[in-house]
Amino acid sequence: MKLNLLSCDAIRPDRRAIAKCIEEVATSMSASLAQELTDILLEGDAVDIEVADKNSGSVLRSLRKLSIDYEIIE
């Protein structure tokens, strides 16, 4: 499943927690790439990631917990 991470609405977003979440849920994601994508997301640009379908429910819950708005692409 592909997700488009749109924005983070948290008042004080936790960069490390967001990067760790992206690294854990995205398919074939390194820690450095996850940190880069986190920076891009927090600057206000959308980020595309791909996640395994079997984990989709827990992934979406994790993103909501971090106040990340997303849209499902496929």
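The basis for the numbers below is simple: all heavy atoms, side chains too, and nothing from hydrogens, waters or symmetry mates. Remember, predicted model here, so these are calculated numbers, not experimental data.
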Between C8 and P13, which heavy-atom pair has the shortest distance, and what is it?
SG-CB, 3.8 Å
d(Q35 CD, I40 CD1) to nearest 0.5 Å is 12.0 Å
Close side-chain approach of C21 to L66, heavy-atom, < 4.5 Å:
yes
Interatomic distance, CD@E71 vs CG@D48, rounded to 0.5 Å, equals 8.5 Å
Does L3 reach the side chain of L60, with side-chain heavy atoms less than 4.5 Å apart?
yes
To the nearest 0.5 Å, what is the distance between OG on S62 and NZ on K20?
11.5 Å
Going by heavy atoms in the side chains, are Y70 and N4 under 4.5 Å from each other?
no
So how far is it from I68 CD1 to L6 CG, rounded to the nearest 0.5 Å?
10.5 Å
Mind checking the CD-OG spacing from E36 to S30? Nearest 0.5 Å is all I need.
8.0 Å
Only one of L63, L42, L5 clears side chain to side chain contact (heavy atoms under 4.5 Å, CB included) with I18; which?
L42
Between OG on residue S58 and NZ on residue K65, distance to nearest 0.5 Å:
11.5 Å
Looking only at heavy atoms, which two atoms of A34 and A19 are closest? And how far apart?
CB-O, 3.4 Å
With a 4.5 Å limit on heavy-atom distance, are the side chains of M29 and I49 in contact?
yes
Is any side-chain heavy atom of R15 less than 4.5 Å from a side-chain heavy atom of D39?
yes
Applying a strict under-4.5 Å side-chain criterion to I, L, V, M, F, W and Y, I'd like to know whether L37 and I73 cluster together.
no
